[in-house]
2 protein chains.
Amino acid sequence: MREVTLKHIAEILEISVATVSKALKDYPDVSPKTKKRVKELAETLNYKPNSFAVNFRTRESKTIGLIIPEVVHHFFSNVIKGIIAQAEKKGYLVIILQSNESYQLEKKQLDLLVSKRVDGVLMSLSNDTANYKHINDVLDRDIPLVLFDKTAKLINCSKVIIDDRKAAFIATEHLIKSGCKHIAHFRGPLLPLNSIDRFLGYKKALETYDIKYNPSLVFTCNDVTFEEGFNFTQELINTQSNVDGLFAVSDLVAIGAIAKLNELKIKIPDQISVIGFSNWFMSSAITPSLTTIDQPGYLMGKKAFKRLFKEMTKIRKKQPFKYKTIELPTSLVIRNST
Amino acid sequence: MREVTLKHIAEILEISVATVSKALKDYPDVSPKTKKRVKELAETLNYKPNSFAVNFRTRESKTIGLIIPEVVHHFFSNVIKGIIAQAEKKGYLVIILQSNESYQLEKKQLDLLVSKRVDGVLMSLSNDTANYKHINDVLDRDIPLVLFDKTAKLINCSKVIIDDRKAAFIATEHLIKSGCKHIAHFRGPLLPLNSIDRFLGYKKALETYDIKYNPSLVFTCNDVTFEEGFNFTQELINTQSNVDGLFAVSDLVAIGAIAKLNELKIKIPDQISVIGFSNWFMSSAITPSLTTIDQPGYLMGKKAFKRLFKEMTKIRKKQPFKYKTIELPTSLVIRNST
DNA sequence: GATTTTACCGATAACGTTTTCGTAAATTAA
DNA sequence: TTAATTTACGAAAACGTTATCGGTAAAATC
């Protein structure tokens with residue numbers, strides 16, 4: 001039982017392979033009659049083009065690569081979903097790789113994708129990526145690459161992001177406007193731009209509202225986990241008795257904080273207001289429900305693919321294009337924790 | 001700037017393309033000297049085999065497909081992670097598609113993967129898949145396919161599963177042994193085997209311990225969400241005043257139940273004991289922490305790929321093999337909700 | 001009736017790799 | 001020395017598709 005090829009159809013119909021190929025692709029120089037004959041036979045024989053041959057010939061795989069720091073993550077899951085959905089609409093498949101927040105792995109994965117000849121790459125930087133040569137190498141080869149969420153200013157390519165600084169500003173401002181004077185911040189790791197920006201947004205808000213920045217109110221979550229939120233809250237309460245607000249770098253950390261505050265019977269928001277970041281579905285489920293910043297993961301995935309798609313078509317047609325940074329809106333979701 | 005090919009190397013070294021190819025793959029009929037020459041030049045020219053050509057020629061893509069009902073799901077995320085990790089070790093890439101719990105989509109995605117000529121397929125059935133022709137078609141084409149987690153008895157292929165019935169039995173038994181007499185069950189949808197089995201395990205435990213099965217203690221969660229757990233708990237409390245235990249089909253549902261019980265100031269586990277299913281990381285984080293059944297997602301992904309890999313090699317070598325069902329152990333994780 | 005145009009089809013090359021088979025040279029055995 | 005064997009390489013085909021370039025016949029135009 002061999003696979004049915006163009007040759008088989010050609011032999012049965014006693015025409016050439018070339019004509020069969022052209023008939024199936026609706027070339028103008030094939031008569032309607034032969035087109036019909038070919039298409040009908042292809043249908044009944046259940047002809048499926050050999051995509052290996054097509055890839056080889058057209059030098060396109062209709063697949064893109066996606067490198068993400070961590071698959072088991074609510075925000076990234078949503079991004080993945082958005083990417084896959086959009087890619088499918090355009091007939092693209094998505095190969096997913098995980099960098100585990102490691103620069104070395106990220107580099108290796110990128111190499112792998114390039115050697116597999118994907119048509120484009122979507123990626124979010126790992127936390128310890130400080131060198132961008134591997135990415136520039138890909139761009140230099142004219143392989144479209146779009147960064148999302150975790151990006152770097154020094155990489156010259158298209159990006160899909162949110163304005164972390166502004167969002168953090170709004171979050172902190174919301175705490176201030178609800179009366180908080182001593183606002184703590186559980187920030188993310190030192191390196192990725194996001195946590196820096198969120199930290200800066202926090203600082204900016206304090207400054208704007210004439211609140212003195214107090215470094216001992218800032219804790220750094222290296223892993224951004226529930227436990228960190230939980231433990232740092234204990235430490236915070238122990239050392240900073242007058243704290244009345246908390247802005248956490250992510251909902252998970254905020255939920256950890258809430259768990260500890262509940263345990264300590266500290267009233268939220270009466271004694272301390274808490275705001276998170278991301279709008280994870282659990283944040284509306286816990287008690288008290290968590291005020292947060294909505295970060296549109298699904299949309300980000302969708303937009304990132306759309307942008308990549310545009311660049312892939314431009315490159316295929318050898319048309320010039322400019323890199324673009326797409327900024328997605330975030331919104332403040334007010335619930336019971338503030 | 002063309003891509004460097006075997007031909008280029010051959011021309012520079014004034015030998016044939018065939019020899020270059022063989023030298024790079026360490027064929028025995030190439031002298032050590034030429035091998036060395038070829039390999040060194042390949043290295044300096046940074047030769048990378050054109051994988052389109054390789055795929056075409058060898059009829060292998062070194063990629064597998066993965067169809068999953070829902071990407072944004074803690075358990076499946078872990079499975080994905082396990083699959084990707086293991087696949088990478090063996091030099092395979094993974095294309096991920098999502099069926100959205102729809103039979104039609106699942107069928108379409110499977111077709112897509114087959115036409116893309118993946119070397120194998122890993123999948124977990126959608127909730128409304130009751131017809132298995134599309135899957136049998138794939139198996140008939142000698143494309144290895146392994147099912148995991150959500151499977152069906154009528155499909156004859158390898159599977160990686162847990163014993164849902166036994167696990168549910170143990171969960172219910174645990175409630176009984178901690179003194180519960182009137183145990184409710186928030187079950188999953190009617191169709192997938194898992195929720196049926198978990199329901200049957202629940203019933204079996206009641207039977208074993210001479211507790212009369214009461215259908216009005218069973219609620220069906222069609223979407224298996226937090227909200228369902230939350231709302232059914234209200235209904236449960238309203239209608240069944242003597243209920244003292246709850247076995248939920250998933251941690252998320254159980255956490256919804258706990259949220260409602262907390263709201264109603266019903267003491268857990270004093271008045272009602274609650275047990276979930278999956279051991280989602282949040283279940284250790286909430287108050288009270290949730291007793292649950294640990295379901296090894298990462299391991300399942302790993303094992304599923306391993307099995308698929310074995311079948312792929314068998315098929316390539318045209319060696320016969322038998323389908324195998326691999327059952328992974330689960331464990332009872334006792335926390336504060338029971 | 002001669003010429004040009006149009007419609008339709010096929011021969012052929014090409015993509016880069018792998019693998020089979022043949023053969024010349026080198027080595028060993030007789 | 002001759003015959004048999006081994007070693008080392010190359011020629012060539014093949015995988016299935018797409019695209020270019022002609023060519024022939026019919027139709028249209030002059």
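This structure is a prediction, so every number in the text was calculated from the model and none was measured. Each chain gets a letter, A, B and so on, in the order its sequence line appears, and its residues count up from 1.
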Exercise: do A:N55 and B:N55 side chains pair donor with acceptor under 3.5 Å: no

Contact under 4.0 Å: A:S16 side-chain N or O vs C:dG10 OP1/OP2: yes

Short side-chain N/O contact from A:R59 to OP1 or OP2 of D:dT18, under 4.0 Å: no

side-chain N/O A:S21 vs D:dT18 OP1/OP2, d < 4.0 Å: yes

Atom-pair distance (CZ on A:F56; C1' on C:dA14), nearest Å: 8 Å

DNA chain D contacts made by residues 27-49 of chain A, counting heavy atoms under 4.0 Å: A:Y27, A:Y47, A:P49

Stacking of B:F52 on C:dC15 base (centres under 5.5 Å, planes under 30°): no

Residue from A:I15, A:L6, A:T19 passing side-chain contact (heavy atoms from CB on, under 4.5 Å) with A:V38: A:I15

Length of the CG-P vector between B:D26 and D:dA8, whole Å: 13 Å

Proximity to the side chain of A:V54 - top-ranked nucleotide from D:dT17, D:dC9, D:dA11: D:dT17

Residues A:D137, A:R141: salt bridge by 4.0 Å N-O rule: no

DNA chain D: 5'-proximal contact among B:I15 and A:A53 (nearest heavy atom): B:I15

d(CD1, A:I9; C1', D:dG16) in whole Å: 12 Å

Plane angle bin for B:F321 and B:Y323 - parallel if under 30°, tilted between 30 and 60°, otherwise perpendicular: perpendicular

Mutual orientation of the aromatic rings belonging to B:F75 and B:H73 [parallel < 30°, tilted 30-60°, perpendicular > 60°]: perpendicular

4.5 Å side-chain heavy-atom contact, B:I80 and B:I68: yes

Which residues share a salt bridge (Lys or Arg N to Asp or Glu O under 4.0 Å) with B:K322, sequence neighbours left out: none

Any B:T5 side-chain nitrogen or oxygen under 4.0 Å from OP1 or OP2 of C:dG16: no

base_contact_polar (D:dA14 base, B:R57 side chain, donor-acceptor, <3.5 Å): yes

Sugar-phosphate, base or nothing in reach of B:K22, heavy atoms under 4.0 Å: base

